[in-house]
4 protein chains.
Amino acid sequence: MFIDINCDMGESFGAYKIGEDEKIIEYITSANIACGFHAGDPVVMEKTVKLAKDHGVGVGAHPGFPDLLGYGRRMMETCPGEVQQYVLYQVGALAAFCRAHQVAMQHLKPHGALYNLAARDEKTAAEVIGAVQAYDPELILVVLAGSRLAELAEKEGLKIAREVFPDRAYLEDGRLAPRSLPGAVVHDPEQVRRRVVKLIAEGALTSIDGKEVPLQADTLCIHGDTPGAWKLAQTIREALDEAGISVAPLSRGLFA
Amino acid sequence: MFIDINCDMGESFGAYKIGEDEKIIEYITSANIACGFHAGDPVVMEKTVKLAKDHGVGVGAHPGFPDLLGYGRRMMETCPGEVQQYVLYQVGALAAFCRAHQVAMQHLKPHGALYNLAARDEKTAAEVIGAVQAYDPELILVVLAGSRLAELAEKEGLKIAREVFPDRAYLEDGRLAPRSLPGAVVHDPEQVRRRVVKLIAEGALTSIDGKEVPLQADTLCIHGDTPGAWKLAQTIREALDEAGISVAPLSRGLFA
Amino acid sequence: MFIDINCDMGESFGAYKIGEDEKIIEYITSANIACGFHAGDPVVMEKTVKLAKDHGVGVGAHPGFPDLLGYGRRMMETCPGEVQQYVLYQVGALAAFCRAHQVAMQHLKPHGALYNLAARDEKTAAEVIGAVQAYDPELILVVLAGSRLAELAEKEGLKIAREVFPDRAYLEDGRLAPRSLPGAVVHDPEQVRRRVVKLIAEGALTSIDGKEVPLQADTLCIHGDTPGAWKLAQTIREALDEAGISVAPLSRGLFA
Amino acid sequence: MFIDINCDMGESFGAYKIGEDEKIIEYITSANIACGFHAGDPVVMEKTVKLAKDHGVGVGAHPGFPDLLGYGRRMMETCPGEVQQYVLYQVGALAAFCRAHQVAMQHLKPHGALYNLAARDEKTAAEVIGAVQAYDPELILVVLAGSRLAELAEKEGLKIAREVFPDRAYLEDGRLAPRSLPGAVVHDPEQVRRRVVKLIAEGALTSIDGKEVPLQADTLCIHGDTPGAWKLAQTIREALDEAGISVAPLSRGLFA
C-alpha cells in the first residue's frame, strides 16, 4: 500500500517569492513544478528541479494558462488546439531542466483553472490527454479523483494518479465541497490525520454532511502557497508513518 | 562539398504575422524556429516544426532574450546563469514539438541581441555553450564565422556550423561590415550569386574595400523577416545548383 | 443628421504590424486606439494619437483584456473590480499621449471579448461604466446598439454612442447574426452602401431573414484588421456623402 | 527647513507580494508607485494610490523598463524615443487612479536600471525630461543628487528634488559607493540617525573614506523591498523629529 504526496512548487517569479519550497520538500514525494506560464521562470525551474532531485522527490510538470497576472487561476477561453500546444510547450521547457540534471520527468498535473476545466470539460480533457500522448505516453497524469478527465484518461490507457485533498471536505457524490460552504476547508490537524488514514486504509471519506464516500486516492495534494503548508505536510506524513502506510513517489510506488 | 541554408522561422505571435514561412521553406535546408521569448508561440511553434518536417528541413531552436516588445533585438543585461537557463527553457519547449512530430532537433542558433552578444562576449558564450552541453552535446551550434563563440565552442568540442551572410559585406578582418557603411547590404542578385559561389568554392569573400577575405561557411543565413526574402533564397539556391554545390541540412551534409 | 465612422487602430506591437492605419484614417472620424493590453505599445500609441490628430479624427481609448497572445479576443474570467482597474489603467495610459499632443480624449470603446462581455453581462458592464465615471463622466462610451451595456450606461446618465456594423447581418431582435450563419457578413459593396444609407436615413436595417429591424446608429464600425478595410470605409464614406449625410467625429456631431 | 521621505510602493503583482506598504506608509511622505512595467498591476496601483491618499502621502509615478522578470533592475538597450514613450505611458496609467481618487500626481521617479541610466546617460536623461515636459512641466522629478540628470533637468527649468540614500555610503566626489565596497551599506541605526541629521542640518555627509562631502538632500529614499524597511523609516523619522526638522511631502514642503 503506497501513497504519494504532491505539492505545487517553483511558483516564484523573478524577484517575487511564493511558497516555502525548501521546507515543504522534506515531507512530500512528488513536486509539481510551474513552467513559466502562470508562475515560475527558467532560473526558478532549474533550481526547483535540482531541489527535487536532491531530495529524491519525483519531478512533474505543472502547466497552466498563460496568465501570470491571474496566477493561472482564471478561466480563459482558448481556440481548439491551443491547450494541447500550451501543455506541450511547458512540459518540454521543464524537461530541458530534467535533462540537464539527469532526472526523468515523472508526471504532469495541470494547474489552477486549467486543472478545473480539464476535470470537467471533455474538449479540454482531450487536449491535455493529447499532449501527454504526443510527448510521452508513459508520463503519469495526476487527475482529480472522480473527474471526467480521470475517466477519459483511463479509457485512453494513460497512467493516471487520482488526487485527493486531505484538508478539503467532499460532497456525497465525491466532488469537492465548494469553498463557500462552511466546513469546506478542514483546519484541525487531528481531523486531517484521521481523514488521511481512513482514506488510505479504507478508500473512503466522510462527506461534509456525514455520508460515507468511497474515494480512491493515489496521491494527496498539499497546497504549497498557503502559509504553513509544510506543517500540514508534516502532520500528514506523521499520520501515514504511524499508520504504517508507505509514502513514495508515484514512479516508485503506484507505478513501480 | 555541402552547404546548408538557414532561415529564421516561426516568428509570428498570436494574431501577428511575420515572415513568409510557407514560401521560403522551399529553398532552405535548416529552420531556426523562434521559441516564444522574442517571438513565436506554442501554436506557431507546432505548425512550424511540422512545416519543416514536411519539407525535409532541419529543425533548430532559435532562443532569444525575453523581450517580445523588442523582438529580441535589444541588448539586455542578465545575471550570471540566466542566459543558460533561458536557452535551456526555450530549447526544451521546442523539443516538445519535435517529439510530438518525431523529428530530431538538429541545431541551435541564438537570436538577435543574444546572437550578437554571444558572438563577442565570453561569459555569454560560455552560458550558451553550457546550455548545449547540458541539453545535448550532439546538438549543432550555429555560430557567426570568425566569432569568439566559434572559437570557444570548438575548443569545448561542440559541433559547430559557421554562418555567413550572403547579402552582407564583410570587413578585411572577417567581421560583418556595419549596416551604417555604404555597401554593407548587397542588393544586386547577380552580385549575391557570384559571392555565394566564390564563398563555397574558394572559401573566400571580397571585402567591402576590395580585399580577399578567407571565410569558412558551413551555412548561409537568409533573413526571413525582410520582404521578398524567399526570392533571395531562390537566387542563392539556383546559383548553388548551377555551380554543382550540394545543398543539404547540417545533419545530412556537414555532420552526416 | 450626423454619423460617425469608427475603426480600431494602433494595434501593431513592436516589430509586429497589423492594420493599414495610414490608409484608413482618411475615411474615418473616430479612432479606437489599442492601449497595450491586447495590442499596441507606447511607441505605437504615440504615433497613432498623432496620426488621428493630424487628420482631425476623434481619439478614443480601446481597452481590452490583458491577453496579447489572444489579441483580446478570448473571454477571461476576472475577479470583482479587476475590469474597472484594467480599463482605468489603459484609458490613463492613452490619455498621457493625448496630453502630450494636446488633444482631448473623445471616447472609450472596449475591445473584443471585453466588448462582447460588457454588452451582455451586467457585472462587467457596471465595471466599464464605473471606470468612465471615475475617469471622466463626460467621456463618450461607444456601445453595441441594443445591448444591456447601452441600457445601463444610459440609465447612469453617460454619453453613449450606439454602434452598428455596416457589413454584418442582424437578427430580427436587433442582435448581430452569428458569423456561423450564411450571409452573416455582407461582402457586396453595393449592398453595404444601401444598408448604410437606409440605416441612417430610416433608422432601420433589413434582418438576415428579411424583416425590418429598427436600429439607432450613432457610429458605424469598420474592422481595421481585415485586409482591404480601407476600401469598405471608402465605399461607406462615398455612400454617405452622396446621400447628403454629414460624417463627423462624435464630439463634433452627436455631442457637439 | 523641510525634508521629504520617499519610498517605492505598490510593487506587488497579482498573487505576488513585495514590500510592507501598510507599515511603511506611516513613516514616509512621498510614495513612488510602480506602474505595471517592472512591477505593479492595475489593482495594486489603485489600492496604493488610495493608501497614499488616506495617509496624506504624496503620490508619484515610478516608471521602469518593461522587464517584470528582472524587476526593472536590468539595463536594457532601447531605440531613440522608446524611453520617453515608456515613461509617458506609465505616468498616464497611474494618473488614471489619481483622477479616480481625486489626488494630484506630485512627482515622478524612474525605477532601477532606468533610474541609474537616466542619472548618467544624457540621451536617456533627455527622454525622461521630455516625458515630464510633455505630460506636465509642473511635475516634480526626483533625481539622484549630483547626477547628470539633476543638472540637465535643472537647466531645463524642471522642478527637481535631489535624492539621498541615508543608509548608503558615498564617495568623496558625491557619488554612491558601490555596494561591493565594504561599508557601502550603513546598517547601524545610530549611525543612520547621525548621518541624516547632519545631512539636513549641515548639507553634508562624511564619505566612506572620512572626507566631508557637501550634498543637497531634498528627499531621503527608503528601499521598501528590503525586509524591515519600515523600521529604518521609523528611525529616520524619529531622528528628524528630535532634531526639529519638518518632514513633509515635496509638494507641501520644498515646493509649497
Side-chain angles (χ1 to χ4, degrees), chain A residues 10 12-15 33-37 40-50 59 61 63-66 68 76 78-103 105 108 114 127 129-139, chain B residues 10 12-15 33-37 40-50 59 61 63-66 68 76 78-103 105 108 114 127 129-139:
Chain A
S12 294
F13 179 85
I33 302 179
C35 301
F37 269 39
D41 69 43
V43 170
V44 169
M45 288 163 77
E46 191 272 336
K47 274 189 197 153
T48 312
V49 167
K50 188 176 182 311
V59 169
F65 280 126
L68 185 69
M76 281 182 74
T78 51
C79 300
E82 286 181 349
V83 162
Q84 180 161 334
Q85 313 314 342
Y86 291 174
V87 172
L88 270 170
Y89 182 99
Q90 294 178 73
V91 169
L94 187 72
F97 301 107
C98 290
R99 214 163 149 155
H101 285 291
Q102 293 174 285
V103 279
M105 189 184 289
L108 183 161
L114 181 57
E127 298 211 12
I129 291 167
V132 173
Q133 290 171 328
Y135 189 76
D136 177 6
E138 295 298 309
L139 206 58
Chain B
S12 295
F13 179 85
I33 302 180
C35 301
F37 269 39
D41 69 43
V43 170
V44 168
M45 288 163 78
E46 192 272 338
K47 274 189 195 153
T48 311
V49 167
K50 188 176 182 313
V59 169
F65 280 125
L68 185 69
M76 281 182 74
T78 51
C79 300
E82 286 181 348
V83 162
Q84 180 161 335
Q85 312 313 343
Y86 291 174
V87 171
L88 270 170
Y89 182 99
Q90 295 178 73
V91 169
L94 187 72
F97 301 105
C98 291
R99 215 162 147 157
H101 284 292
Q102 295 174 284
V103 279
M105 189 184 288
L108 183 161
L114 182 57
E127 298 211 13
I129 290 167
V132 173
Q133 289 170 330
Y135 189 76
D136 177 6
E138 294 299 307
L139 205 58

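In this text the structure is predicted, and so the values were computed from the model without any measurement. Letters A, B, ... mirror the listed sequences (proteins, then strands); counts begin at 1. Below, each value reflects all heavy atoms present in this structure, side chains not excepted, and no hydrogens, waters or symmetry copies.
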Contact class of [X] relative to chain A, heavy atoms under 4.5 angstrom:
| X | answer |
| --- | --- |
| B:V91 | neither |
| B:Y135 | both |
| B:C79 | neither |

- [ ] Heavy-atom pairs under 4.5 Å with chain A are the metric here; pick the option from B:G92, B:A96, B:A93 that has the most.
- [x] B:A93
Open item on the list: For the interface with chain A, which of B:P42, B:G81, B:A95 has the highest count of heavy-atom pairs at distances below 4.5 Å?
Closed with: B:P42
So, the side chain of [X] versus the backbone of [Y]: is there a donor-acceptor pair under 3.5 Å, distance only?
| X | Y | answer |
| --- | --- | --- |
| A:E46 | B:Q85 | no |
| B:E82 | A:V43 | no |
| B:Q90 | B:G36 | no |

Task: 4.5 Å side-chain heavy-atom contact, A:E127 and A:V87 - done: no
Open item on the list: Rounded at 0.5 Å granularity, tell me how far OG1 in A:T48 sits from CG in A:D41.
Closed with: 9.0 Å
Open item on the list: Return the CG to CE distance between B:L139 and B:M105, rounded to the nearest 0.5 Å.
Closed with: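 Reported value, rounded in 0.5 Å steps: 6.5 Å.
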Task: Contact origin within A:Y86 toward chain B - heavy atom pairs under 4.5 Å - done: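 Both backbone and side chain.
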Open item on the list: As an exercise: rank A:G130, A:C98, A:P66, A:C35 by heavy-atom pairs under 4.5 Å with chain B and give me the winner.
Closed with: A:C35
